[in-house]
Amino acid sequence: MKPPRLSPEESAAIEWLALQRSGRMSDTERRRFEGWLAENERHRGAWERLQRRLDSAFAGIAGQPADLAQKTLLSAGSSRRQALRGALALAGLGLGGLGLTRPGMPLDGLVADLSTATGERRRFALADGSSVLLNAQSRVDIDYDGQQRRLYLRRGALLAEVTADARRPFVVETPFGRVRALGTRFSIALGERETTVWVQEAQVRLESRSGDSLVLAAGEGARLDPDGCQRLEAQRRSEFAWQDGWLELHDRPLETLIAALRPYHRGHLRLSRDAADLRISGLFPLDDSEQVLASLEEILPLRIHRYLGWWTNIEHS
Amino acid sequence: MTASSQVSPALRLQVLHRLFGEHHGWLFGRLRARLGCAHDAADIASETFTQVVALDDPGAIREPRALLTTIAKRLIYASWRRRDLERAYLEVLAQQPEAVQPSPEETVLALEALAAIDQLLDGLSPKARAAFLYSQLEGLNYTEIASRLGVSVTRVHQYVVKGLTTCYLALEAA
(Lines give C-alpha, C1' and ligand atoms only; values in the text may rest on other atoms or scores of the structure.)
Protein backbone atom coordinates (compact mmCIF):
# COMPACT_ATOMS: atom_id res chain seq x y z
CA MET A 1 0.00 0.00 0.00
CA LYS A 2 1.41 3.34 -1.05
CA PRO A 3 1.77 5.86 1.77
CA PRO A 4 -0.59 8.81 1.24
CA ARG A 5 1.15 11.84 -0.20
CA LEU A 6 0.32 15.48 -0.52
CA SER A 7 -0.22 17.03 -3.93
CA PRO A 8 1.99 20.07 -4.65
CA GLU A 9 -0.88 22.47 -4.03
CA GLU A 10 -1.81 20.76 -0.76
CA SER A 11 1.82 21.03 0.36
CA ALA A 12 1.83 24.68 -0.57
CA ALA A 13 -1.45 25.31 1.26
CA ILE A 14 0.03 23.84 4.42
CA GLU A 15 3.15 26.00 4.13
CA TRP A 16 1.01 29.10 3.69
CA LEU A 17 -1.11 28.26 6.71
CA ALA A 18 1.98 27.60 8.79
CA LEU A 19 3.36 30.93 7.71
CA GLN A 20 0.14 32.72 8.61
CA ARG A 21 0.19 31.19 12.05
CA SER A 22 3.74 32.23 12.76
CA GLY A 23 2.75 35.77 13.61
CA ARG A 24 5.56 37.00 11.35
CA MET A 25 4.03 37.13 7.92
CA SER A 26 5.19 40.22 6.07
CA ASP A 27 3.01 42.29 3.74
CA THR A 28 5.00 41.01 0.77
CA GLU A 29 4.33 37.45 1.78
CA ARG A 30 0.66 38.21 2.29
CA ARG A 31 0.41 39.56 -1.25
CA ARG A 32 2.22 36.52 -2.58
CA PHE A 33 -0.24 34.30 -0.80
CA GLU A 34 -3.21 36.10 -2.34
CA GLY A 35 -1.55 35.76 -5.72
CA TRP A 36 -1.12 32.06 -5.20
CA LEU A 37 -4.78 31.68 -4.25
CA ALA A 38 -5.97 33.63 -7.27
CA GLU A 39 -3.71 31.73 -9.64
CA ASN A 40 -5.94 28.72 -10.18
CA GLU A 41 -8.82 26.58 -9.00
CA ARG A 42 -6.59 23.80 -7.66
CA HIS A 43 -4.85 26.17 -5.28
CA ARG A 44 -8.13 27.48 -3.96
CA GLY A 45 -9.50 23.97 -3.69
CA ALA A 46 -6.50 22.79 -1.68
CA TRP A 47 -6.68 25.79 0.64
CA GLU A 48 -10.38 25.36 1.22
CA ARG A 49 -10.01 21.61 1.89
CA LEU A 50 -7.28 22.24 4.41
CA GLN A 51 -9.38 24.80 6.30
CA ARG A 52 -12.47 22.65 6.19
CA ARG A 53 -10.75 19.52 7.47
CA LEU A 54 -9.04 21.29 10.31
CA ASP A 55 -12.20 23.08 11.34
CA SER A 56 -14.21 19.89 11.39
CA ALA A 57 -11.48 18.01 13.25
CA PHE A 58 -11.31 20.56 16.03
CA ALA A 59 -14.98 21.52 16.10
CA GLY A 60 -15.63 18.68 18.52
CA ILE A 61 -13.75 20.35 21.33
CA ALA A 62 -14.82 23.90 20.56
CA GLY A 63 -17.30 23.92 23.43
CA GLN A 64 -14.80 22.97 26.10
CA PRO A 65 -12.97 25.28 28.48
CA ALA A 66 -9.95 26.52 26.56
CA ASP A 67 -7.13 24.97 28.49
CA LEU A 68 -8.88 21.71 29.42
CA ALA A 69 -8.59 20.18 25.97
CA GLN A 70 -5.08 21.42 25.46
CA LYS A 71 -3.77 20.24 28.81
CA THR A 72 -5.39 16.85 28.33
CA LEU A 73 -3.95 16.32 24.88
CA LEU A 74 -0.52 17.43 25.99
CA SER A 75 -0.53 15.35 29.13
CA ALA A 76 -1.75 12.24 27.34
CA GLY A 77 0.84 12.67 24.63
CA SER A 78 3.78 13.00 26.99
CA SER A 79 6.64 10.59 27.44
CA ARG A 80 4.37 8.44 29.57
CA ARG A 81 2.92 7.32 26.28
CA GLN A 82 6.33 6.09 25.18
CA ALA A 83 6.67 4.15 28.39
CA LEU A 84 3.25 2.66 27.80
CA ARG A 85 4.36 1.43 24.40
CA GLY A 86 7.29 -0.26 26.01
CA ALA A 87 5.08 -1.80 28.64
CA LEU A 88 2.77 -3.19 26.02
CA ALA A 89 5.68 -4.88 24.31
CA LEU A 90 6.95 -6.28 27.60
CA ALA A 91 3.72 -7.48 29.11
CA GLY A 92 1.94 -7.80 25.82
CA LEU A 93 0.57 -10.65 23.87
CA GLY A 94 4.02 -11.81 22.77
CA LEU A 95 2.44 -14.92 21.40
CA GLY A 96 5.31 -15.62 19.03
CA GLY A 97 7.60 -16.22 21.99
CA LEU A 98 5.33 -18.90 23.32
CA GLY A 99 5.42 -20.72 20.02
CA LEU A 100 1.68 -20.65 19.66
CA THR A 101 1.95 -19.94 15.97
CA ARG A 102 3.61 -23.29 15.49
CA PRO A 103 1.20 -25.60 13.75
CA GLY A 104 -0.36 -28.23 15.90
CA MET A 105 0.29 -26.41 19.18
CA PRO A 106 -2.43 -27.62 21.53
CA LEU A 107 -4.62 -25.06 23.31
CA ASP A 108 -3.83 -26.39 26.75
CA GLY A 109 -0.21 -27.26 26.26
CA LEU A 110 2.48 -27.04 28.87
CA VAL A 111 2.38 -23.24 28.79
CA ALA A 112 -0.76 -21.66 30.25
CA ASP A 113 -1.90 -18.48 31.94
CA LEU A 114 -3.72 -17.91 35.19
CA SER A 115 -5.37 -14.66 36.06
CA THR A 116 -7.85 -13.06 38.42
CA ALA A 117 -10.22 -10.14 38.12
CA THR A 118 -10.76 -7.11 40.36
CA GLY A 119 -11.58 -8.20 43.89
CA GLU A 120 -11.14 -11.90 43.06
CA ARG A 121 -8.80 -14.20 45.01
CA ARG A 122 -8.59 -17.66 43.53
CA ARG A 123 -6.69 -20.87 44.07
CA PHE A 124 -5.41 -22.84 41.08
CA ALA A 125 -4.20 -26.40 41.22
CA LEU A 126 -1.10 -27.20 39.21
CA ALA A 127 -0.30 -30.39 37.36
CA ASP A 128 2.12 -31.70 40.02
CA GLY A 129 -0.25 -31.21 42.93
CA SER A 130 1.16 -27.83 43.94
CA SER A 131 -1.27 -24.94 44.14
CA VAL A 132 -1.11 -21.17 43.85
CA LEU A 133 -3.53 -18.73 45.42
CA LEU A 134 -3.67 -15.59 43.32
CA ASN A 135 -4.43 -12.18 44.78
CA ALA A 136 -6.91 -9.92 42.96
CA GLN A 137 -5.84 -8.54 39.56
CA SER A 138 -2.94 -10.93 39.26
CA ARG A 139 -1.44 -12.88 36.37
CA VAL A 140 0.88 -15.86 36.28
CA ASP A 141 2.31 -17.91 33.40
CA ILE A 142 3.08 -21.54 34.09
CA ASP A 143 5.87 -23.39 32.35
CA TYR A 144 6.23 -26.98 33.50
CA ASP A 145 8.36 -29.50 31.69
CA GLY A 146 10.47 -32.57 32.45
CA GLN A 147 13.30 -30.63 34.07
CA GLN A 148 11.68 -27.80 35.95
CA ARG A 149 8.56 -26.16 37.29
CA ARG A 150 8.73 -22.50 36.41
CA LEU A 151 6.20 -19.75 37.07
CA TYR A 152 6.34 -16.18 35.75
CA LEU A 153 4.61 -13.67 37.99
CA ARG A 154 3.44 -10.99 35.54
CA ARG A 155 1.25 -8.98 37.86
CA GLY A 156 0.00 -8.88 41.44
CA ALA A 157 0.81 -11.56 44.01
CA LEU A 158 0.56 -15.26 44.69
CA LEU A 159 0.88 -17.66 47.60
CA ALA A 160 2.47 -20.94 46.54
CA GLU A 161 2.07 -24.34 48.18
CA VAL A 162 4.70 -26.52 46.63
CA THR A 163 4.76 -30.31 46.57
CA ALA A 164 8.17 -31.90 46.83
CA ASP A 165 9.80 -33.02 43.61
CA ALA A 166 13.51 -33.77 43.82
CA ARG A 167 13.98 -33.83 40.06
CA ARG A 168 12.27 -30.55 39.30
CA PRO A 169 13.00 -27.31 41.16
CA PHE A 170 10.04 -24.97 41.65
CA VAL A 171 10.98 -21.43 40.62
CA VAL A 172 9.01 -18.18 40.36
CA GLU A 173 10.44 -15.54 38.03
CA THR A 174 9.79 -11.80 38.23
CA PRO A 175 11.43 -8.83 36.54
CA PHE A 176 13.36 -8.11 39.76
CA GLY A 177 14.66 -11.58 40.41
CA ARG A 178 13.68 -15.18 41.02
CA VAL A 179 12.57 -17.23 43.96
CA ARG A 180 13.54 -20.87 44.26
CA ALA A 181 11.47 -23.00 46.60
CA LEU A 182 13.55 -25.08 48.94
CA GLY A 183 10.42 -25.95 50.88
CA THR A 184 6.77 -25.66 50.76
CA ARG A 185 4.94 -22.43 51.41
CA PHE A 186 5.70 -18.83 50.49
CA SER A 187 4.12 -15.71 49.04
CA ILE A 188 5.49 -13.40 46.40
CA ALA A 189 4.22 -9.99 45.28
CA LEU A 190 5.27 -7.96 42.26
CA GLY A 191 5.35 -4.21 42.83
CA GLU A 192 6.36 -1.36 40.56
CA ARG A 193 9.89 -1.21 41.87
CA GLU A 194 10.42 -4.44 43.71
CA THR A 195 9.35 -8.01 44.34
CA THR A 196 8.52 -8.95 47.93
CA VAL A 197 8.71 -12.47 49.31
CA TRP A 198 7.52 -13.92 52.65
CA VAL A 199 8.06 -17.48 53.74
CA GLN A 200 5.38 -19.40 55.66
CA GLU A 201 7.07 -22.79 55.83
CA ALA A 202 10.58 -24.14 55.24
CA GLN A 203 12.89 -22.05 53.04
CA VAL A 204 13.35 -20.25 49.75
CA ARG A 205 16.38 -18.90 47.96
CA LEU A 206 16.11 -15.45 46.43
CA GLU A 207 18.24 -14.46 43.45
CA SER A 208 18.18 -10.84 42.32
CA ARG A 209 18.89 -9.79 38.74
CA SER A 210 22.13 -8.24 39.96
CA GLY A 211 23.37 -11.62 41.17
CA ASP A 212 22.74 -11.09 44.86
CA SER A 213 21.25 -14.06 46.69
CA LEU A 214 19.65 -14.74 50.06
CA VAL A 215 18.05 -17.70 51.78
CA LEU A 216 14.91 -16.98 53.79
CA ALA A 217 13.43 -19.15 56.51
CA ALA A 218 9.89 -19.40 57.86
CA GLY A 219 8.55 -16.07 59.11
CA GLU A 220 11.17 -14.10 57.20
CA GLY A 221 10.67 -11.70 54.33
CA ALA A 222 12.78 -9.77 51.85
CA ARG A 223 12.62 -7.41 48.92
CA LEU A 224 14.21 -7.95 45.51
CA ASP A 225 15.01 -4.78 43.64
CA PRO A 226 17.68 -3.41 41.30
CA ASP A 227 20.04 -3.05 44.28
CA GLY A 228 19.79 -6.69 45.26
CA CYS A 229 18.13 -8.53 48.15
CA GLN A 230 17.04 -6.65 51.27
CA ARG A 231 15.62 -8.29 54.39
CA LEU A 232 12.40 -6.81 55.74
CA GLU A 233 11.44 -6.48 59.42
CA ALA A 234 9.28 -9.36 60.62
CA GLN A 235 6.63 -6.91 61.72
CA ARG A 236 5.86 -5.98 58.13
CA ARG A 237 4.73 -9.48 57.30
CA SER A 238 1.12 -8.63 58.03
CA GLU A 239 1.25 -6.01 55.29
CA PHE A 240 1.59 -8.78 52.74
CA ALA A 241 -0.88 -11.25 54.23
CA TRP A 242 -3.62 -10.52 51.68
CA GLN A 243 -4.68 -14.15 51.46
CA ASP A 244 -7.30 -13.81 54.19
CA GLY A 245 -8.57 -10.55 52.80
CA TRP A 246 -7.19 -8.44 55.64
CA LEU A 247 -4.43 -5.87 55.60
CA GLU A 248 -2.74 -5.06 58.87
CA LEU A 249 -0.56 -1.97 58.99
CA HIS A 250 1.66 -0.59 61.69
CA ASP A 251 2.42 3.07 61.14
CA ARG A 252 2.85 2.89 57.39
CA PRO A 253 2.24 5.53 54.71
CA LEU A 254 -1.30 5.71 53.29
CA GLU A 255 0.22 4.91 49.92
CA THR A 256 0.80 1.34 51.13
CA LEU A 257 -2.87 0.90 51.97
CA ILE A 258 -4.12 2.36 48.72
CA ALA A 259 -1.70 0.24 46.68
CA ALA A 260 -3.01 -2.90 48.39
CA LEU A 261 -6.60 -1.76 47.90
CA ARG A 262 -6.40 -1.04 44.17
CA PRO A 263 -6.76 -4.66 42.97
CA TYR A 264 -9.96 -4.83 45.04
CA HIS A 265 -11.52 -1.59 43.95
CA ARG A 266 -13.56 -1.07 40.80
CA GLY A 267 -12.48 2.13 39.14
CA HIS A 268 -9.52 4.42 39.50
CA LEU A 269 -8.09 5.42 42.87
CA ARG A 270 -6.01 8.55 42.78
CA LEU A 271 -3.98 9.54 45.79
CA SER A 272 -2.45 12.99 46.03
CA ARG A 273 1.22 13.32 46.90
CA ASP A 274 0.76 14.83 50.34
CA ALA A 275 -2.04 12.46 51.30
CA ALA A 276 0.18 9.53 50.30
CA ASP A 277 2.61 10.30 53.10
CA LEU A 278 0.05 10.34 55.93
CA ARG A 279 0.79 7.58 58.47
CA ILE A 280 -1.79 4.97 59.26
CA SER A 281 -2.20 1.85 61.40
CA GLY A 282 -5.00 -0.65 61.66
CA LEU A 283 -6.71 -3.70 60.30
CA PHE A 284 -8.48 -3.19 56.96
CA PRO A 285 -10.85 -5.51 55.06
CA LEU A 286 -9.60 -5.64 51.48
CA ASP A 287 -12.85 -7.17 50.25
CA ASP A 288 -14.79 -4.07 51.22
CA SER A 289 -12.85 -1.22 49.67
CA GLU A 290 -15.76 1.22 50.04
CA GLN A 291 -15.85 0.67 53.77
CA VAL A 292 -12.11 1.17 54.01
CA LEU A 293 -12.37 4.46 52.12
CA ALA A 294 -15.26 5.61 54.32
CA SER A 295 -13.33 4.80 57.49
CA LEU A 296 -10.26 6.61 56.15
CA GLU A 297 -12.19 9.83 55.92
CA GLU A 298 -13.05 9.48 59.57
CA ILE A 299 -9.61 8.81 60.92
CA LEU A 300 -7.40 10.93 58.67
CA PRO A 301 -7.55 14.54 57.45
CA LEU A 302 -8.70 13.59 53.95
CA ARG A 303 -11.15 14.76 51.33
CA ILE A 304 -12.43 11.96 49.14
CA HIS A 305 -14.28 12.92 45.97
CA ARG A 306 -15.95 10.60 43.52
CA TYR A 307 -16.51 11.42 39.86
CA LEU A 308 -18.50 9.66 37.19
CA GLY A 309 -18.97 6.56 39.30
CA TRP A 310 -15.48 5.20 38.88
CA TRP A 311 -12.88 7.89 39.59
CA THR A 312 -12.04 8.47 43.24
CA ASN A 313 -9.73 11.28 44.25
CA ILE A 314 -8.13 11.19 47.72
CA GLU A 315 -6.58 14.43 48.92
CA HIS A 316 -5.20 15.93 52.07
CA SER A 317 -7.81 18.28 53.43
CA MET B 1 -5.10 -9.03 -3.50
CA THR B 2 -8.11 -10.95 -4.80
CA ALA B 3 -11.09 -8.76 -5.53
CA SER B 4 -14.03 -9.75 -3.38
CA SER B 5 -16.18 -10.13 -6.45
CA GLN B 6 -14.17 -13.24 -7.32
CA VAL B 7 -15.15 -15.00 -4.11
CA SER B 8 -18.75 -16.08 -3.85
CA PRO B 9 -20.64 -14.73 -0.84
CA ALA B 10 -21.47 -18.25 0.30
CA LEU B 11 -17.85 -19.36 0.27
CA ARG B 12 -16.80 -16.18 2.01
CA LEU B 13 -19.31 -16.78 4.77
CA GLN B 14 -18.11 -20.34 5.14
CA VAL B 15 -14.51 -19.16 5.51
CA LEU B 16 -15.50 -16.59 8.11
CA HIS B 17 -17.49 -19.13 10.09
CA ARG B 18 -14.55 -21.47 10.14
CA LEU B 19 -12.15 -18.73 11.19
CA PHE B 20 -14.44 -17.75 13.98
CA GLY B 21 -15.03 -21.30 15.12
CA GLU B 22 -11.37 -22.23 15.15
CA HIS B 23 -9.90 -19.06 16.57
CA HIS B 24 -12.37 -16.93 18.50
CA GLY B 25 -12.23 -19.09 21.62
CA TRP B 26 -8.46 -19.15 21.51
CA LEU B 27 -8.19 -15.38 21.02
CA PHE B 28 -10.66 -14.67 23.78
CA GLY B 29 -8.77 -16.96 26.17
CA ARG B 30 -5.40 -15.37 25.42
CA LEU B 31 -6.81 -11.86 25.77
CA ARG B 32 -8.56 -12.71 29.01
CA ALA B 33 -5.32 -14.02 30.45
CA ARG B 34 -3.26 -11.05 29.27
CA LEU B 35 -5.75 -8.32 30.05
CA GLY B 36 -7.01 -9.89 33.26
CA CYS B 37 -10.56 -8.87 32.38
CA ALA B 38 -13.15 -10.97 30.55
CA HIS B 39 -15.18 -7.91 29.58
CA ASP B 40 -12.29 -6.18 27.84
CA ALA B 41 -11.20 -9.45 26.27
CA ALA B 42 -14.66 -10.00 24.78
CA ASP B 43 -14.71 -6.46 23.39
CA ILE B 44 -11.29 -6.73 21.79
CA ALA B 45 -11.92 -10.21 20.43
CA SER B 46 -15.18 -9.21 18.81
CA GLU B 47 -13.71 -6.00 17.39
CA THR B 48 -10.83 -8.02 15.96
CA PHE B 49 -13.18 -10.33 14.15
CA THR B 50 -15.22 -7.38 12.89
CA GLN B 51 -12.07 -6.19 11.18
CA VAL B 52 -11.41 -9.62 9.74
CA VAL B 53 -14.93 -9.71 8.33
CA ALA B 54 -14.19 -6.44 6.55
CA LEU B 55 -11.22 -7.91 4.71
CA ASP B 56 -11.46 -8.50 0.98
CA ASP B 57 -10.46 -12.14 0.94
CA PRO B 58 -10.43 -13.83 4.34
CA GLY B 59 -9.78 -17.15 2.63
CA ALA B 60 -6.33 -15.94 1.60
CA ILE B 61 -5.17 -15.59 5.18
CA ARG B 62 -2.25 -17.96 5.70
CA GLU B 63 -1.57 -17.45 9.40
CA PRO B 64 -4.89 -16.58 11.01
CA ARG B 65 -3.57 -16.45 14.57
CA ALA B 66 -0.70 -14.19 13.60
CA LEU B 67 -3.11 -11.82 11.87
CA LEU B 68 -5.59 -11.89 14.74
CA THR B 69 -2.77 -11.16 17.16
CA THR B 70 -1.60 -8.19 15.13
CA ILE B 71 -5.09 -6.71 14.90
CA ALA B 72 -5.80 -7.35 18.58
CA LYS B 73 -2.52 -5.73 19.63
CA ARG B 74 -3.36 -2.64 17.62
CA LEU B 75 -6.80 -2.46 19.21
CA ILE B 76 -5.39 -2.91 22.69
CA TYR B 77 -2.90 -0.15 22.09
CA ALA B 78 -5.70 2.12 20.88
CA SER B 79 -7.75 1.36 23.96
CA TRP B 80 -4.75 2.08 26.22
CA ARG B 81 -4.45 5.44 24.48
CA ARG B 82 -8.10 6.17 25.17
CA ARG B 83 -7.71 5.25 28.81
CA ASP B 84 -4.57 7.34 29.05
CA LEU B 85 -6.48 10.26 27.60
CA GLU B 86 -9.38 9.72 29.95
CA ARG B 87 -7.05 9.65 32.92
CA ALA B 88 -5.34 12.84 31.77
CA TYR B 89 -8.71 14.52 31.23
CA LEU B 90 -9.98 13.65 34.67
CA GLU B 91 -6.74 14.76 36.29
CA VAL B 92 -6.89 18.12 34.55
CA LEU B 93 -10.58 18.36 35.43
CA ALA B 94 -9.85 17.68 39.08
CA GLN B 95 -7.65 20.75 39.11
CA GLN B 96 -10.33 23.02 37.67
CA PRO B 97 -12.58 25.08 39.94
CA GLU B 98 -15.85 23.36 40.88
CA ALA B 99 -17.95 25.63 38.68
CA VAL B 100 -16.46 24.24 35.51
CA GLN B 101 -17.22 20.54 36.06
CA PRO B 102 -19.03 19.19 33.00
CA SER B 103 -21.97 16.79 33.13
CA PRO B 104 -21.36 13.08 32.49
CA GLU B 105 -22.85 13.40 29.01
CA GLU B 106 -20.61 16.32 28.18
CA THR B 107 -17.63 14.36 29.41
CA VAL B 108 -18.39 11.39 27.19
CA LEU B 109 -18.71 13.64 24.14
CA ALA B 110 -15.61 15.58 25.09
CA LEU B 111 -13.57 12.42 25.45
CA GLU B 112 -14.74 11.14 22.08
CA ALA B 113 -13.70 14.39 20.45
CA LEU B 114 -10.36 14.37 22.26
CA ALA B 115 -9.72 10.75 21.32
CA ALA B 116 -10.37 11.58 17.68
CA ILE B 117 -7.83 14.38 17.80
CA ASP B 118 -5.38 12.27 19.76
CA GLN B 119 -5.63 9.69 16.99
CA LEU B 120 -4.98 12.32 14.33
CA LEU B 121 -1.82 13.39 16.10
CA ASP B 122 -0.48 9.85 16.28
CA GLY B 123 3.09 9.71 15.11
CA LEU B 124 4.09 13.23 16.08
CA SER B 125 7.00 13.61 18.46
CA PRO B 126 6.06 15.12 21.85
CA LYS B 127 7.55 18.50 20.87
CA ALA B 128 5.91 18.57 17.47
CA ARG B 129 2.62 17.69 19.10
CA ALA B 130 3.02 20.42 21.68
CA ALA B 131 4.03 23.04 19.11
CA PHE B 132 1.10 22.18 16.88
CA LEU B 133 -1.41 22.29 19.73
CA TYR B 134 -0.05 25.57 21.09
CA SER B 135 -0.59 27.05 17.66
CA GLN B 136 -3.93 25.41 16.94
CA LEU B 137 -5.61 25.67 20.34
CA GLU B 138 -3.93 28.53 22.10
CA GLY B 139 -3.12 30.59 19.02
CA LEU B 140 0.41 31.33 20.15
CA ASN B 141 2.83 32.78 17.62
CA TYR B 142 6.07 30.97 16.88
CA THR B 143 8.24 33.24 18.96
CA GLU B 144 6.14 32.36 21.99
CA ILE B 145 6.10 28.65 21.15
CA ALA B 146 9.86 28.65 20.51
CA SER B 147 10.40 30.17 23.93
CA ARG B 148 8.12 27.63 25.61
CA LEU B 149 9.72 24.62 24.00
CA GLY B 150 13.29 25.85 23.99
CA VAL B 151 13.72 25.48 20.23
CA SER B 152 14.26 27.84 17.29
CA VAL B 153 11.42 29.57 15.47
CA THR B 154 12.39 27.69 12.32
CA ARG B 155 11.97 24.43 14.16
CA VAL B 156 8.55 25.51 15.40
CA HIS B 157 7.54 26.23 11.83
CA GLN B 158 8.67 22.73 10.84
CA TYR B 159 6.74 21.22 13.72
CA VAL B 160 3.56 23.04 12.74
CA VAL B 161 3.95 21.96 9.12
CA LYS B 162 4.44 18.40 10.32
CA GLY B 163 1.37 18.65 12.55
CA LEU B 164 -0.80 20.10 9.81
CA THR B 165 0.41 17.47 7.36
CA THR B 166 -0.22 14.61 9.75
CA CYS B 167 -3.72 15.84 10.56
CA TYR B 168 -4.59 16.57 6.98
CA LEU B 169 -3.52 13.15 5.73
CA ALA B 170 -5.19 11.36 8.61
CA LEU B 171 -8.42 13.16 7.85
CA GLU B 172 -8.15 12.22 4.19
CA ALA B 173 -8.66 8.59 5.06
CA ALA B 174 -11.91 9.45 6.82
Side-chain angles (χ1 to χ4, degrees), chain A residues 4 6 10-11 14-15 17-19 21-24 50 53-54 56-58 60-61 63-82 84-85 88 91-93 95-96 100-101 107 112-118 137-139 155 268 270 305 307-308 311 313, chain B residues 26 29-30 32-34 36-38 63 65-66 69 72-73 76-77 80-81 84-85 87-94 96 100 102 104 107 109-110 112-114 116-118 120-121 124 126 129-130 133-138 141-143 153 156-157 160-161 164-165 167-169 171-173:
Chain A
L6 295 175
E10 286 170 332
S11 238
I14 285 177
E15 282 291 343
L17 183 56
L19 185 55
R21 294 232 182 128
S22 68
R24 309 157 106 226
L50 176 61
R53 284 189 194 175
L54 282 175
S56 75
F58 286 89
I61 56 166
Q64 293 183 25
D67 52 352
L68 178 54
Q70 184 173 308
K71 278 186 184 156
T72 304
L73 287 167
L74 285 171
S75 166
S78 72
S79 57
R80 251 186 331 176
R81 175 66 56 74
Q82 314 297 340
L84 212 62
R85 241 194 182 125
L88 185 66
L93 298 184
L95 297 171
L100 281 167
T101 51
L107 272 177
D113 285 348
L114 307 175
S115 69
T116 47
T118 305
Q137 280 188 11
S138 301
R139 271 206 304 282
R155 190 179 171 184
H268 185 84
R270 185 188 167 266
H305 278 160
Y307 301 95
L308 306 177
W311 167 278
N313 196 30
Chain B
W26 165 83
R30 301 300 306 172
R32 193 186 164 284
R34 290 297 179 176
C37 173
E63 301 264 353
R65 288 189 178 183
T69 305
K73 265 186 172 164
I76 291 173
Y77 183 59
W80 283 38
R81 289 179 69 135
D84 201 29
L85 200 70
R87 193 182 333 135
Y89 182 80
L90 292 172
E91 255 175 29
V92 173
L93 206 59
Q96 307 276 27
V100 202
T107 299
L109 289 172
E112 255 176 50
L114 287 168
I117 294 172
D118 185 54
L120 286 182
L121 303 177
L124 287 178
R129 183 184 170 104
L133 288 172
Y134 288 145
S135 166
Q136 178 74 32
L137 298 180
E138 208 174 329
N141 65 40
Y142 294 175
T143 311
V153 166
V156 174
H157 180 96
V160 173
V161 167
L164 288 170
T165 307
C167 274
Y168 184 79
L169 289 174
L171 288 163
E172 185 171 84

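Each chain gets a letter, A, B and so on, in the order the sequences are listed, and its residues count up from 1.
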query: For Q137(A), is it the side chain, the backbone, both, or neither that has a heavy atom closer than 4.5 Å to a heavy atom of chain B?
result: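 The answer is neither part of Q137(A).
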
query: Does any heavy atom of chain B fall under 4.5 Å from the side chain of S22(A), the backbone, both, or neither of them?
result: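 Looking at S22(A), backbone and side chain both touch chain B.
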
What's the shortest heavy-atom distance between [X] and [Y], and which atoms?
X	Y	value
L120(B)	A57(A)	CD1-CB, 3.7 Å
Y168(B)	R53(A)	O-NH1, 3.1 Å
L54(A)	L171(B)	N-CD1, 4.4 Å

At a 4.5 Å cut-off on heavy atoms, which part of [X] comes close to chain A: side chain, backbone, both, or neither?
X	result
A116(B)	neither
V153(B)	side chain
E112(B)	neither
L114(B)	both

Hey, does [Y] have a side-chain heavy atom less than 4.5 Å from the side chain of [X]?
X	Y	result
L68(A)	Y89(B)	yes
E15(A)	V161(B)	yes
K71(A)	E91(B)	no

- prompt: Nearest 0.5 Å, what's the CD1-CG distance between I14(A) and L164(B)?
  reply: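 That separation rounds to 6.0 Å.
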
task: State the CG-CD distance between L73(A) and Q136(B), to the nearest 0.5 angstrom.
output: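 These two atoms lie 11.0 Å from each other.
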
field: Most chain A-contacting option - heavy-atom pairs closer than 4.5 Å, from A38(B), G29(B), A113(B)
entry: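 If we count pairs closer than 4.5 Å to chain A, A113(B) comes out on top.
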
message: Whether the side chain of Y142(B) engages the backbone of A18(A) through a donor-acceptor N/O pair (distance < 3.5 Å, no angle test) should be reported.
response: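 Looks like yes, one N/O pair under 3.5 Å.
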
